Structure formats: C-alpha cells, structure tokens
Amino acid sequence: MTEARVVVGMSGGVDSAVAALLLKQQGFDVVGVFMKNWDDGNDDACTAAEDHDDVRSVCDHIGIPYYTVNFTREYHDRVFRYFLDEYAKGRTPNPDILCNTEIKFDAFLNFALKIDASALATGHYARVEQTAGTVRLLRGADPNKDQSYFLHALKPEQLSRVLFPVGSMLKSEVRAVAREAGLPNAEKKDSTGICFIGERDFRAFLSRYLPATPGDIVTESGTVVGSHEGCMGYTIGQRKGLGIGGKGDGRPWFVLDKDVQRNRLIVAQGDDHPLLWSSELVALNPTFISGRAPAPDGVSFRSAAKIRYRQPDQACACVVEGSSIRVTFDRPQRAVAPGQSVVLYDGDVCLGGAVIESTAR
RNA sequence: UGGGGUGUCGCCAAGCGGUAAGGCACGGGACUUUGACUCCCGCAUCCGUAGGUUCGAAUCCUGCCACCCCAG
C-alpha cells in the first residue's frame, strides 16, 4: 500500500516548487516533471537550461525524483500553429489559454495518468472545488495573482484531475514558504512572456515566422501618417512602436483597427477616440465549466467579465445565441481585440468563456 | 540673386540679453505566465553657419547657407 502519486509540472519557478513541496509534506508520492516544449535552437536555450537546472536543484532539495518530458511537437502543432494562423489573420490570440487546454492539461495530464499518477499539480493561482460530482474553478485567493483567466477553457474531466496547491495562498505566503524551506529559487523573479517561449522582442520574434510586409499607417479618413513593417506585429489599442511623433495635436497615437487586406494599420490620436471603445462583443463557441450556460439559449443573464488577463471585473449582460455569446457591458471597454478571450465570473466562480470574434459600439 | 519670411533634440514647439520648457517619438526600467494598456526614469553644454556687440546672447548686429512665400 503506497501513497497516491502526484505529478507536479515544474517550471523552475517558486510557485511550482512550493506546490511540490507542499504535496510532499502532505505525504503524496510526488514526481517532479519539467516540460520542454519549445526549441528554436539557440538564443533561448540558456533560460530554458537555467529553468531546468532550477527544477533539478529544487527536486533534489525536496527529495523527489524528477524527469523531463518533451512536447515540442504537440506544442507546435496544437498551440503555435494556431497562434501564427491567428496573427496572419490580423487577430490577437492568447496562446497560453490554448497551452493549458491542449498541452499542460491534456498531453501532459495524460502522461501523468500513464505513469500511474492520480492527479496532476501545477503552481497556478486558482482553486478547484469538487463536490458531489461537480467541479468548479475558483479564482486564486491572491487577487493580484489570480490565473483563472488562463484556465477558464478547461473541461470538468480535466479539472477533476488537477491540484493547485498554491491557489489558496498569497504570493507573499508562497515566497515565505519557499524561504523557510530553503528552496534554491525562493527569490527567483517571476517569469513572464508566452509560456514555454518566454520574454521576447515580440515583433522581431513574429517576423521570424510570418512575412513582415511594410505598409501604411493611416487615420480613419485615410490620411497616411506613418509606415509599419508588418501589421501583424501590432494589436488594437497599441501605442508603442508606431513611430508617429509630432503630428496632429501632439497626443499619442493608438491602433484602432487592422486592415489585413490592404496591409494597413488604422490609428487615431488620443485614447479617448470613440472607435477605441466598444460596449458589446460577440464571442464564438463559449465553453462553460459547469457544462452549460447560466441561462437558456436566448435568455440574458448578468455576469462579470474580463477581456484580458488582470483586468478588473466588468459588469455585463450576456446571452448565448446558438454557437456564440453576446456580451454587453455596462461601461464601454477599451481596445477589445478579436482573438482574445472574454472570461465570465460569478463572484469567485469562473464560469467559462469564449474567443472574441467581433465588437459593436 | 527684387521684396518678405523662417531656420531650437527624429517630429511639433516654448524661449524676446542672464546662462535651452513641454508634448510626441525613441531608449531603459517597473508591472505582467498572451498581445497590449499603464507607471517611472532617461533623452539638445547647445539653439543653420561664420564673425561682431556685451560682464554675459538661442535671444541684438553683420556676412554666408538652406528652405518657404510674393513678385518675376
């Protein structure tokens, strides 16, 4: 009779390290696993190697075995290709959401089950609550670190196999635990950037995979005010990188829209421009963690939504219409970008979400 | 080659004899498991150029250069 085995996805950061530590202390048969899902040969090799080293030393410190798995192929086929396709269409995808549904909690979860683990744990700041056959996803206890936004598309079958040991903790508590336990990465800086790919000069990175064709930057009336080197490198609401200075009334310029057909960026001066704000959006193929929408098809229900990670909750009314959902906000939202996800909440409960398709005033 | 005007950071623009505002752009940092937004810091020893006046000039004077406008 042995303890239940749990696989912990180790990134090299403190959060997953503490997750592994806590599970070990709780008596689980913990196995640390490092995922290497990206490989572009050279430049990023160093940080990936550092992360791997951190995983090794953390696992040694905690006293658990560790392995490395490689889902480079899966990541490329199921996440990165979509990522590029979306950018090619002029949209702004969120690869990390897909990475969770397709890689971490699918390919990787299956790997964990295959080596006889009963669950997969990660260092995500979110909570899973299971009661009488139902699963709920709750925000992380630390409002400043909550990552439920990235997990909203998981299915109940996936969530029921998942543990988030640090989800009920504050970041400061996680760091304190790491320090007390003497974990080698206790003070390691939080990582950002696309998961598994890391922090990059975004436009330069994209141009390695998508042809960057120079084009005009125009105002909504068609006046050319600048030029860009590939409009896929910009997103709605973006200010930096336009290189337009000294024109008009002196205020900064923002991207209002992208005209992929004509390879043009449409911009306006001042972030109070009406075309930068919309109070309604339509998103496709909504998924709900409970398995069904809070209200029947065609019936409106109130909710709180996020258009992007770390955005404060926005009060709204939603209505599912066939394979899409229409969200109408109480207050207009800035720079709603097709390709990004709208995620719905009811208090601390994450209901689900959908990928934004279009907006309306 | 008659007249008038203008030349200050990549762009726009203060300054009007007392020793170079500000905005945009850009660079760096903070924030951040997407892309963005936001915030903070930095950014002309020098004012088209050569002289002159003055204790002292980007600010006054003169020559030259460049551009613009009106005349031709």
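Here the structure is a predicted model, which is why all the values come from computation and not from measurement. Chain naming here is simple, since letters A, B, ... match the order of the sequence lines and numbering starts at 1 in each.
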For this session: Can you tell me the distance, in whole Å, between the CG atom of Leu84(A) and the P atom of G35(B)?
Result: 14 Å
For this session: Please report, rounded to the nearest Å, how far the C1' atom of U34(B) is from the CD atom of Gln340(A).
Result: 6 Å
Exercise. In whole angstroms, how far is the P atom of U34(B) from the CG atom of Asn94(A)?
Worked result: 8 Å
For this session: Return the value, rounded to whole Å, for the distance between atom CG of Leu242(A) and atom P of A36(B).
Result: 12 Å
Could you list the protein-to-nucleotides 10-13 of chain B atom pairs, N/O on both sides, closer than 3.5 Å?
unit_1	atom_1	unit_2	atom_2	d
C11(B)	O2'	Gly245(A)	O	3.3
C11(B)	O2	Gly246(A)	N	3.4
C12(B)	O4'	Gly246(A)	O	3.2

Seminar exercise, completed: Judged by nearest nucleotide, the residue sitting upstream toward the 5' end of RNA chain B, Asp249(A) or Pro93(A), is Asp249(A)
Exercise. C37(B) C1' sits how many Å from Leu276(A) CG, rounded?
Worked result: 10 Å
Each nucleotide N or O in nucleotides 27-31 of chain B that has a protein N or O under 3.5 Å away: list the pair and distance.
none

Exercise. Starting at OH of Tyr149(A) and ending at P of G35(B), how long is that distance when rounded to a whole Å?
Worked result: 12 Å
For this session: Tell me what Lys104(A) touches on the nucleic acid: a base, only sugar-phosphate, or nothing, going by heavy atoms under 4.0 Å.
Result: base
Exercise. Distance check: side-chain N/O of Arg239(A) vs OP1/OP2 of U38(B), anything under 4.0 Å?
Worked result: yes
For this session: Determine whether Val7(A) and Phe108(A) make a side-chain contact, defined as any pair of heavy atoms from C-beta on separated by less than 4.5 Å.
Result: yes
Problem set entry | Charged tip of Lys306(A) within 45° of Tyr345(A) ring normal and under 6.0 Å | yes
Seminar exercise, completed: Of the candidates A25(B), U34(B), C37(B), the side chain of Phe150(A) sits closest to U34(B)
Exercise. Can you tell me how far P of G35(B) sits from CE of Met232(A), to the nearest Å?
Worked result: 16 Å
For this session: Give me the one residue out of Asp313(A), Asp330(A), Asp346(A) that meets salt bridge (Lys or Arg N to Asp or Glu O under 4.0 Å) with Arg302(A).
Result: Asp330(A)
For this session: Considering only atom C1', compute the distance from C11(B) to G52(B) and round it to an integer number of Å.
Result: 34 Å
For this session: Using the C1' atom on both, measure C40(B) against G51(B) and round to a whole Å.
Result: 45 Å
Problem set entry | ILVMFWY cluster, Ile64(A) and Leu22(A) together (side-chain gap under 4.5 Å) | yes
Exercise. Do other residues, nucleotides or ligands put more than 12 heavy atoms under 6.0 Å from the CD atom of Glu173(A)?
Worked result: yes
Exercise. Any donor-acceptor pair under 3.5 Å between the side chain of Arg251(A) and the base of G23(B)?
Worked result: no
For this session: Looking only at side-chain atoms of Arg308(A), point me to the closest of C24(B), A36(B), C37(B).
Result: A36(B)
Exercise. Nearest-Å distance, CD1 (Ile307(A)) to P (C37(B))?
Worked result: 17 Å
